[in-house]
Amino acid sequence: MRLAPEEPSPGAGVALAPIIVRDLNADGYPEIILGGVNTVFVNEGGFKFKQRALFTDPPRIMVNTGLVEDLTGDGLLDFVGVDPGGKAWLLEGREGGTFASEARRPWEEVAPGPSAITAGDVDYDGDLDLWFAQYKQPYKGGQMPTPFHDANDGHPSYLLLNDGKGNFTDGTEKSGLGKKRHRRTYSASFVDLDDDRDLDLVVVSDFAGLDAWLNSGSGEFSPAPTAMFGECHAFGMAHTFGDFDRDGKEDLYMVGMSSTTARRLDQLGLKREDFPEYAKLRAPMAFGNRLYLARDKKFVQTDLNDHCARAGWAWGVRAFDLENDGDDDLYVANGHISGESATDYCTSFWCHDLYTGSSKENRAIEHLLSDQFRPIAQRGLEVGRISWNGFEHNRLFWNQEGRDFLDIAFLLGVSYETDCRAVAAADLDADGRQDLLVVEHEWTRKKGLAGLQALLVHRNTVPARNWLGVRVVVGAGVSPIGAKVTMHGNFGKKERQVVTGDSFYTQHPTVAHFGLGDHQEFEKIVVRWPNGLISEAPGGKVNRYLLLTPPEN
């Protein structure tokens, strides 16, 4: 199924994000929200959807950032997002999965580059707080991220503390998160990294990589020890969580830019002697994707990383168990700008742009980075005549029982040579198989270079094995965000955390999905809610969904 909204005017382009997949009316079928075109596709079952507006009074579009969860503590799902003017808007939830007709401002800060948003009760006062991040585009105004491997020169991120009614105030500096709040961030998640029952913070940023912050238990954060993740440098674009080595624990996969040009320069020994640190960090930054396996409160890169590190210029990513065999597979969307020619701009970046300018805007540098000053062969990127990491195929890394990954995207018809962006996976038809949603990004050149996006929705028809789904939902004034779901059986333990902010401009349903292979029974399900209370569900047969709500205090 292809959902392709029309351009509001010729050459204006269409941007769909934020992409939010969430069961708004609690009927077991998740809806699809496309905030960039003010649209909700109501899921009627059987892969049939009915379209309605998200904002009605007045109609609004959101940019990149959006989230659906109970932010006001009334047990109903609210929506928060940011419009093109950088203003945040909150639509309070109503019964039946709809929203209020009038929106209000949940915080006053204006954001010129909204990108990532994640929710979690970081200070344990019973409501959801937010980490709201931004991305600052390089080149514009003649500024470039500096240094390119540790840029902290973008628009500010915010830790927004909730008063319990959906009104937020800036707690960034007081929490200890101010030091690196100017990253150029694409994704972030509150998640328990060290299994101490509080929510830590993972931030993935372009021109930096992965930052991890540990929560003291009261909403104060400190940088995670270097040894917790090891090498974290990357052109970080997105991340996802999944069990890739079949040990029952959730691992972390970060995607970034894999550059053959950078590797070639390293192999030839070509470097700028006046930028020794740049030469040293070129290889780690251009490495590609990094797979971190959970090991005793650490996350380590093993040889398994080698089989999913190279994808191209990666954007969205999602871990999901394609055939319910018990290990998570990976879908990665790739490709930056596919132009009229395959002539690639990448060499200009690595040999020239990287060393040009600084964090400060400079009109002279802006002209120097424009088409007229580039070598003839490298002109035309801004109008789509040439490419930059163009014509790259998407990858579906099929997990081989935690030993290897095979790319089978072409075999399943989801490789796509068009540039793609956001990725989501969710069981849209409630048949136990997770379906795939991909944002296709093509280029229109009527008024310069503009993106023309469509949502491609693929129904999963792969013969599946046994599974169990656990729907964790709002109840008793408690959100499921931050809950840990543990499944017990003769296979051992399998864990899932309910997180937001992963992938790229995307939010997934609050469902813990377990692939079980040949196992036909389980012993019990245990849910540890964000407030510390525990729910249990007895074991039994598989291939069904369980619905769990928080217990009363």
Nearest 0.5 Å please: distance from the [atom1] atom of [X] over to the [atom2] atom of [Y].
X	Y	atom1	atom2	result
Phe190	Asp200	CZ	CG	10.0 Å
Asp70	Glu92	CG	CD	9.5 Å
Arg459	Leu436	CZ	CG	14.5 Å
Ser115	Lys136	OG	NZ	13.5 Å
Leu428	Glu31	CG	CD	10.0 Å
Leu437	Leu3	CG	CG	8.5 Å

Minimum heavy-atom distance [X]-[Y], with the two atoms named:
X	Y	result
Pro106	Ala88	CD-O, 3.4 Å
Met237	Trp313	CE-NE1, 3.6 Å
Val478	Pro530	CG1-CD, 4.2 Å
Thr39	Phe41	CG2-CE1, 3.5 Å
Ile20	Gly66	CD1-C, 3.6 Å
Asp196	Asn215	OD2-O, 3.9 Å

Between [X] and [Y], is there a donor-acceptor pair closer than 3.5 Å when you use the side chain of the first and the backbone of the second?
X	Y	answer
Asn162	Leu128	yes
Asp329	Leu322	yes
Asp429	Gly46	no
Gln434	Phe320	no
Asp328	Phe244	no
Glu7	Gly13	yes
Asp57	Glu102	no
Ser503	Gly316	no
Gln134	Gly113	yes
Asp435	Asp427	no

Test item: [X] and [Y] side chains (from C-beta on) under 4.5 Å apart, heavy atoms:
X	Y	answer
Pro30	Val21	yes
Asn167	Arg104	yes
Val122	Phe221	yes
Lys174	Leu159	no
His513	Trp467	yes
Ile61	Pro84	yes
Val438	Val414	no
Asn334	Cys420	no

Which residue, [options], forms the side chain to side chain contact (heavy atoms under 4.5 Å, CB included) with [X]?
X	options	answer
Trp107	Leu90, Thr169, Val80, Leu161	Val80
Arg22	Thr510, Val40, Val511	Thr510
Leu91	Asp78, Val68, Leu54	Leu54

Dump the intermediate steps for salt bridge (Lys or Arg N to Asp or Glu O under 4.0 Å) on Arg528 and Asp192, then the final yes or no.
-> CA-CA 12 Å; Arg528 190 184 74 216; Asp192 185 1; 3.3 Å; yes
NZ/NE/NH1/NH2 to OD/OE distance under 4.0 Å, [X] and [Y]:
X	Y	answer
Arg181	Asp170	yes
Arg433	Asp431	yes
Arg184	Asp153	yes
Asp502	Arg318	yes
Lys179	Asp211	no

What do the steps show when you test Leu177 against Tyr158 for side chain to side chain contact (heavy atoms under 4.5 Å, CB included), and what is the final call?
-> CA-CA 8 Å; Leu177 291 170; Tyr158 298 92; over 6 Å; no
Please determine, by modelled atom types, if [X] and [Y] share a side-chain donor-acceptor pair under 3.5 angstrom.
X	Y	answer
Asp198	Tyr124	no
Thr500	Thr118	yes
Tyr186	Asp206	no

From the list Tyr331, Phe504, Tyr505, ring-ring contact (aromatic ring centres under 6.0 Å, His included) partner of Trp315 resolves to Phe504
Decide if the gap between the ring center of [X] and the ring center of [Y] is smaller than 6.0 angstrom.
X	Y	result
Phe207	Phe235	yes
Phe299	His239	no
Phe55	Trp89	no

What's the verdict on side chain to side chain contact (heavy atoms under 4.5 Å, CB included) for Leu24 and Ile33, showing C-alpha distance, side-chain angles and the deciding distance?
-> CA-CA 10 Å; Leu24 301 178; Ile33 296 176; 4.3 Å; yes
Residues Phe132, Glu109; criterion side chain to side chain contact (heavy atoms under 4.5 Å, CB included); working and verdict | CA-CA 11 Å; Phe132 169 61; Glu109 289 81 3; over 6 Å; no
Got a sec: does the CZ of Arg197 have more than 12 other heavy atoms crowding it under 6.0 Å?
-> no
For Val37 and Leu16, run side chain to side chain contact (heavy atoms under 4.5 Å, CB included): C-alpha distance rounded to whole Å, both residues' side-chain angles, the deciding distance at 0.1 Å, then the answer.
-> CA-CA 6 Å; Val37 289; Leu16 303 182; 4.0 Å; yes
